[in-house]
Amino acid sequence: MNFIDIRLKIRRFIKNNRKKVMIIVIALAIIIAINYILKNMQQEEEPKTTYEPNIAVMDSSEVPQKWQDEIQNKIDTFINYCNDKNYQSAYDMISDDCKVALFPDIQEFQEYVDNRFQVKRIYSIQNFSNLSKQYIYDVNIMSDFMATGSTGTNYGYVQEKFVFTEDDKDLKFAIGGFIRTNTLEAFSEDENLKIVIQSKNVYYDHEAYTVRITNKTEHPIVIANGTEENELCLNVAGELRSDEYVQDSNVVLQPEEETTYTFVFNKYCDDGNAPLGMYFNNIRVLQSYSGNESTRQEELDNAIRKYSIIVNFNVEN
């Protein structure tokens, strides 16, 4: 059979089966079109969740690669020491400044461990904020229900900020949100008072100032006793923030008395604002001061002098 005969047979078949051939052609065209469309359609992206424990949630900055493993290892080692009630080893991991600020002796640290690690704990971590060479992590400390077999309803956790600070070629480790201790030695003095702001302990969400005040007179002096607003304030970018606990305590000095106080102010360490100074807005030099509720207001009203003192800081602090 030659080529011409084959062509004739094909033409005859198509002529006799025209409808079937058209249906087959259309079906093939549809299949080809569908395949083309599917091939060129962009696949819908499925939602993805990623866990990036070393990227800060505050600003997406990342902890340097060289420190990431060491930080995670330190946290893991510390939690394990606490779970095992290996108090001394855990205590030895903490920086000296953090010990002085929060746990002056190991007995206080032991109370901290016993309070948080009553049962075996597990944890999760997330880098929260980074300040130059300081890396702040949120650490969620949770009960290990698989280990304890607990079926109770208390599924909460304790969140604490662990802080890592580059120190030469090493990392200092602190807990309790402690950032650092700054020496200030800022002072102001007049004929009545000498005020020396010696240092401050910086935490993530507050600052605690150590202040030595000397009464140079023969009269009692009231600096703050909760009777007036803004008696004792910190100037942060022009905003005056009152001491958190002054309402609950009296800052009163008897004649020629010298006392050291701790004043605490709300202040986030990563807000970008350096405190400018401390304001003593309502100093009252009195004839007498008994402290009795019944006579207090009369004694304050009869003050020899009322005035204010500002102790300015180096803005780098």
Side-chain angles (χ1 to χ4, degrees), residues 47-99 101-103 108-148 150 152 154-181 201-207 267-272:
K48 295 181 180 179
T49 57
T50 57
Y51 174 49
E52 298 288 353
N54 299 299
I55 295 180
V57 298
M58 290 295 288
D59 59 9
S60 297
S61 62
E62 185 173 6
V63 175
Q65 289 282 343
K66 65 178 181 178
W67 296 123
Q68 292 181 9
D69 287 344
E70 183 172 346
I71 286 172
Q72 294 187 57
N73 289 337
K74 280 182 178 288
I75 294 174
D76 188 69
T77 300
F78 180 79
I79 296 294
N80 286 332
Y81 280 152
C82 291
N83 273 328
D84 296 339
K85 300 301 176 72
N86 190 340
Y87 304 112
Q88 189 64 58
S89 294
Y91 189 66
D92 290 343
M93 291 184 66
I94 301 170
S95 69
D96 291 340
D97 284 346
C98 182
K99 290 175 186 174
L102 295 177
F103 312 108
E108 293 182 65
F109 178 73
Q110 182 173 333
E111 293 177 8
Y112 159 88
V113 173
D114 290 342
N115 180 57
R116 280 168 170 73
F117 295 84
Q118 298 174 358
V119 296
K120 183 176 177 61
R121 303 292 185 185
I122 57 176
Y123 66 92
S124 65
I125 68 171
Q126 178 61 60
N127 182 218
F128 185 77
S129 182
N130 299 314
L131 304 170
S132 183
K133 295 184 178 182
Q134 294 183 301
Y135 314 112
I136 303 168
Y137 280 75
D138 274 339
V139 180
N140 296 324
I141 302 172
M142 305 161 285
S143 295
D144 185 354
F145 297 109
M146 295 296 292
T148 62
S150 172
N154 183 13
Y155 295 99
Y157 60 88
V158 175
Q159 185 176 88
E160 188 169 331
K161 284 184 167 55
F162 287 7
V163 181
F164 297 86
T165 303
E166 288 191 39
D167 180 33
D168 294 329
K169 297 181 179 180
D170 197 7
L171 280 177
K172 288 185 176 180
F173 170 52
I175 63 177
F178 177 83
I179 305 295
R180 63 182 179 275
T181 296
N201 289 331
V202 179
Y203 300 83
Y204 177 73
D205 58 1
H206 67 279
E207 295 185 348
K267 168 72 171 67
Y268 287 96
C269 68
D270 55 2
D271 63 10

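Numbers here simply count residues along the sequence, with the first being 1.
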- Would you check if the distance from the ring center of F173 to the ring center of F164 is below 6.0 Å? yes
- Shortest non-hydrogen contact from S124 to M142? N-CE, 3.8 Å
- Task: Give a yes or no on whether a salt bridge exists between E166 and K172, defined as a side-chain N under 4.0 angstrom from a carboxylate O.
- Result: no
- Task: Look at the aromatic rings of Y268 and Y204 and report parallel, tilted or perpendicular, splitting at 30° and 60°.
- Result: perpendicular
- Intermediate values then yes/no, side chain to side chain contact (heavy atoms under 4.5 Å, CB included), V139 and K161: CA-CA 6 Å; V139 180; K161 284 184 167 55; over 6 Å; no
- Apply side chain to side chain donor-acceptor pair (under 3.5 Å) to N86 and Y91, showing your working. CA-CA 9 Å; N86 190 340; Y91 189 66; over 6 Å; no
- Message: The test is side chain to side chain contact (heavy atoms under 4.5 Å, CB included); show your working for H206 and K267 and say whether it passes.
- Response: CA-CA 4 Å; H206 67 279; K267 168 72 171 67; 5.8 Å; no
- Taking side chain as C-beta onward, heavy atoms only, is Y123 less than 4.5 Å from N140? no
- Message: Can you tell whether the side chains of D97 and R180 come within less than 4.0 Å, N to carboxylate O?
- Response: no
- Note on the structure: In this structure, CG of N127 is separated from OG of S60 (nearest 0.5 Å) by 10.0 Å
- Task: Any chance you could measure Q65, atom CD, to N54, atom CG, to the nearest 0.5 Å?
- Result: 7.5 Å
- Message: What I want to check is whether the side chains of D92 and Q88 have a donor and an acceptor closer together than 3.5 Å.
- Response: yes
- Query: Any side-chain heavy atom of L102 within less than 4.5 Å of one from Y203?
  - Reply: yes
- Item | Trace of the side chain to side chain contact (heavy atoms under 4.5 Å, CB included) decision for Y137 with I71 | CA-CA 10 Å; Y137 280 75; I71 286 172; 3.7 Å; yes
- Query: Would you say the side-chain atoms of N115 pair up with the backbone N or O of E111, donor to acceptor, closer than 3.5 Å?
  - Reply: no
- Pairwise side-chain contact, Q68 with E62, heavy-atom cut-off 4.5 Å (strictly under): yes
- Message: For a quick test of reading the model, state the closest non-hydrogen atom pair linking C269 to V202 and the distance between them.
- Response: CB-CG1, 4.1 Å
- Task: Enter the distance from S143:OG to F117:CZ here, rounded to the nearest 0.5 Å.
- Result: 10.5 Å
- For the atom pair CG (L171) and CE (M93), what is the distance rounded to the nearest 0.5 Å? 10.5 Å
- Query: Checking ring-ring contact (aromatic ring centres under 6.0 Å, His included) for the pair F78/F162: CA distance, chi angles, key distance, verdict?
  - Reply: CA-CA 11 Å; F78 180 79; F162 287 7; 5.7 Å; yes
- Message: I need the C82 SG to I141 CD1 distance, nearest 0.5 Å.
- Response: 7.5 Å
- Task: Would you tell me whether Q126 and D138 have side-chain atoms, one donor and one acceptor, within less than 3.5 Å of each other?
- Result: no
- Message: For a side chain to side chain contact (heavy atoms under 4.5 Å, CB included) check, start with the C-alpha distance between I94 and I175, then their side-chain angles and the critical distance, and finish with the verdict.
- Response: CA-CA 7 Å; I94 301 170; I175 63 177; 3.9 Å; yes
- Which of I55, I136, N130 passes side-chain contact (heavy atoms from CB on, under 4.5 Å) with V63? It is N130
- Using atom types as modelled and distance alone, determine if a side-chain donor or acceptor of R121 lies under 3.5 Å from a backbone N or O of R116. yes
- Query: Heavy-atom distance under 4.5 Å between the side chains of D170 and E70, does that happen here?
  - Reply: yes
- Between the side chains of N80 and D76, is a donor N or O closer than 3.5 angstrom to an acceptor N or O? yes
- Relative to F109, does K99 satisfy both conditions: NZ or CZ under 6.0 angstrom from the six-membered ring centre, and within 45 degrees of the ring's axis? no
- Message: Surrounding NZ of K85 (heavy atoms of other residues, nucleotides or ligands, distance under 6.0 Å), is the total greater than 12?
- Response: yes
- Atom pair CD (Q72) and CD1 (I125), whose distance is rounded to the nearest 0.5 Å: 4.0 Å
